[in-house]
Amino acid sequence: MIDTIAALSTAQGPGAIGILRVSGSLVLPISLSVLEKNRTPLTEPFIQNQKRSAIFCDFVENGKPLDQIVFFYFPAPNSYTGEDLAEFHLHGNPILLKRALHILFEKGARPAQKGEFTKRAYLNGKINLSGAEAISRLIEARSKYELELAQKNVFGEITKLSSKIRSDLISLKAECEAEIDFSTEDLTFESLEQRKQRMISLKILCSKLIKDSERAESLILQSTVVLFGEPNTGKSSLMNLLIGKDRSIISDVPGTTRDYIAEELSLDGIPIRLIDTAGIRDTTDSIEQMGIERSKREADSANVKLLLIDTSLPFDKQLFLEKHKERLFGSLIVANKIDAKHPSWQIESIHDFKEEFQLTISEISCKTKQGIPELLELLKSKLTSKDNTEDLVLLEDRQRYHIQKIESSLAEAIQLMEVDTPAEVYIQEINTAISEIGQVNGIVENEEILGRIFSKFCVGK
């Protein structure tokens, strides 16, 4: 008998519907014990005749209707888990869903563990490990880049790549074994140089996969955007505008922000960590000095630096360069307060050294919000200038580990070939590589590894 599990598969909290999912050998008996239609219990022949179809009925507790629901039955093996599986679509009241779930437990199901539905799908051959990990990424994606990369893997990108690597490795092994077994026969084999070049090409493919995955990871991690500059240039005002709330204290008194303040936000699907820093100036206040030093460190490590200028004050180009030359390179210059700009401020003043420091310039007014939409477009452009996921692939840590091991084995095999080592020796490295690629999509029997993979899932998945 297959242990029967149940869990809420939709998000916690109120909603239009909530879905309870049940999988295992007792799905039908449990369902029959809680479902009625027109005050009459549903029968097994009726449910079997309506399999994979929506059944409008009542969920009952001791004969008393609890909710009007839509019920689906998916018999094995044609279900997500490969087992008998049912879904109860109730109204999305958390109290109602909790009660209905406990009734299912009382009828013979047990609470599902994290990722147990998908784990069963894997164990029953419905998906491979790469597919399971892709589903987890798809659910948890925090940005459009992570979603795009997860979608590629859900549709088999990792499976296709690993299948190609495995096919090439098996071909190499077959060629080596043929030469070993029939070395005395009058047969023609590919030259040693040809075989080595095939290994080099395969090693290059593995290296590219690893590098592309590292680039992909950098896309889905939060980009750090730092607001820095002298006091009272409008950093805190811009911070509050961008996040849509009063997070930073705004004051005309210099040194109000004595340490950096960080907030997380999403800019059209781009996850951002936005930091408002202490105004950079000469001060004898030791606490403010510490804040300024921290602000400089944040600016130095940022993905994008927004250097704010107060255009309502006289602008001296040489003084500006002296103050900011250290961290000016690659900055997005934000010329604030253009609603009250001083006659000395001209955007052309920055153009003199724009190319030298690879600067981008935006004129805004935090007071009137003039130029804010244009600034956001420039910011998105800087964050996404190299962000094209079309040619990238996302490897999970486990997958990357095995690809790295393959790369290492191929490098060792190539080195052995270059010193005329017999094929009987370097073929062992190919065997190791074949074993490693099998771990990417294939069967993993280590329960600890499986537990670690599926523990990342939510309970109802």
Side-chain angles (χ1 to χ4, degrees), residues 80 114-115 117-119 121-122 126-169 201-224 264-273 303-304 380 382-410 433 436-444 446 449-458 461:
Y80 178 72
K114 285 185 175 182
F117 288 95
T118 304
K119 182 178 180 180
Y122 162 71
K126 304 299 289 187
I127 55 174
N128 58 32
L129 272 186
S130 294
E133 288 166 317
I135 289 169
S136 179
R137 277 278 189 176
L138 189 71
I139 294 170
E140 300 294 332
R142 295 163 297 170
S143 70
K144 69 174 184 178
Y145 302 111
E146 189 170 9
L147 180 62
E148 288 170 0
L149 290 160
Q151 286 171 324
K152 288 173 70 173
N153 287 356
V154 165
F155 287 104
E157 187 71 16
I158 296 298
T159 300
K160 287 185 287 187
L161 287 167
S162 58
S163 295
K164 172 179 170 42
I165 292 172
R166 185 174 184 274
S167 176
D168 289 350
L169 286 169
S201 296
L202 198 50
K203 179 179 176 295
I204 289 172
L205 173 60
C206 291
S207 299
K208 185 177 184 303
L209 274 176
I210 294 166
K211 289 177 182 177
D212 285 350
S213 179
E214 289 170 351
R215 284 176 57 209
E217 284 287 356
S218 71
L219 288 185
I220 64 178
L221 294 175
Q222 287 179 325
S223 296
T224 303
E264 296 178 4
L265 70 149
S266 177
L267 182 61
D268 285 356
I270 307 169
I272 293 174
R273 183 171 181 256
N303 300 100
V304 177
K380 283 191 290 183
K382 288 187 76 70
L383 288 168
T384 62
S385 59
K386 299 178 181 178
D387 297 354
N388 183 357
T389 62
E390 186 176 344
D391 298 323
L392 299 184
V393 65
L394 182 61
L395 298 174
E396 300 298 333
D397 290 341
R398 181 190 66 83
Q399 296 166 339
R400 188 182 298 112
Y401 168 80
H402 293 303
I403 299 296
Q404 287 171 334
K405 294 284 284 185
I406 294 167
E407 183 186 29
S408 177
S409 292
L410 288 170
E436 294 294 336
I437 197 63
Q439 297 292 306
V440 175
N441 291 328
I443 299 299
V444 175
N446 187 310
I449 294 175
L450 291 179
R452 192 162 62 245
I453 292 170
F454 291 103
S455 66
K456 298 176 183 178
F457 286 63
C458 56
K461 192 60 182 173

- [ ] For a side chain to side chain contact (heavy atoms under 4.5 Å, CB included) with Val393, tell me which candidate from Lys160, Glu157, Lys208, Arg215 qualifies.
- [x] Glu157
Task: Nearest heavy atoms of Leu129 and Gln439, plus distance in Å - done: CD1-O, 4.3 Å
Task: Donor-acceptor pair, side chain of Asn128 and main chain of Thr159, under 3.5 angstrom - done: no
Open item on the list: Are more than 12 heavy atoms, taken from residues, nucleotides or ligands other than Arg166, located less than 6.0 Å from that residue's CZ atom?
Closed with: no
- [ ] Look at Lys119 together with Glu133 and state whether they make a salt bridge at an N to O cut-off of under 4.0 Å.
- [x] no
TODO: Report the distance from atom CD1 of Ile272 to atom NZ of Lys380, rounding to the nearest 0.5 Å.
DONE: 9.5 Å
Open item on the list: Does Val440 form a side chain to side chain contact (heavy atoms under 4.5 Å, CB included) with Leu161? I'd like the steps, not just the answer.
Closed with: CA-CA 10 Å; Val440 175; Leu161 287 167; over 6 Å; no
TODO: Go through the steps for Leu149 and Arg137 under the test side chain to side chain contact (heavy atoms under 4.5 Å, CB included), then give the verdict.
DONE: CA-CA 9 Å; Leu149 290 160; Arg137 277 278 189 176; over 6 Å; no
Open item on the list: If I take atom CD1 from residue Ile158 and atom CG from residue Leu395, how far apart are they, to the nearest 0.5 angstrom?
Closed with: 4.5 Å
- [ ] Measure the spacing between CD1 of Ile406 and CG of Asp168 and express it to the nearest 0.5 Å.
- [x] 11.0 Å
TODO: Might you confirm whether atom NZ of Lys405 has over 12 heavy atoms from other residues, nucleotides or ligands at distances under 6.0 Å?
DONE: no
TODO: To the nearest 0.5 angstrom, please state how far the CD atom of Gln404 sits from the OG atom of Ser207.
DONE: 10.0 Å
Open item on the list: Rounded at 0.5 Å granularity, tell me how far CG in Asp212 sits from CD in Glu217.
Closed with: 12.5 Å
Open item on the list: Any side-chain to backbone donor/acceptor pair from Ser213 onto Glu396? Under 3.5 Å, distance only.
Closed with: no
Task: Pairing of Arg400 and Glu214 as salt bridge, 4.0 angstrom limit - done: no
- [ ] Report the distance from atom CD of Glu436 to atom CG of Leu169, rounding to the nearest 0.5 Å.
- [x] 11.0 Å
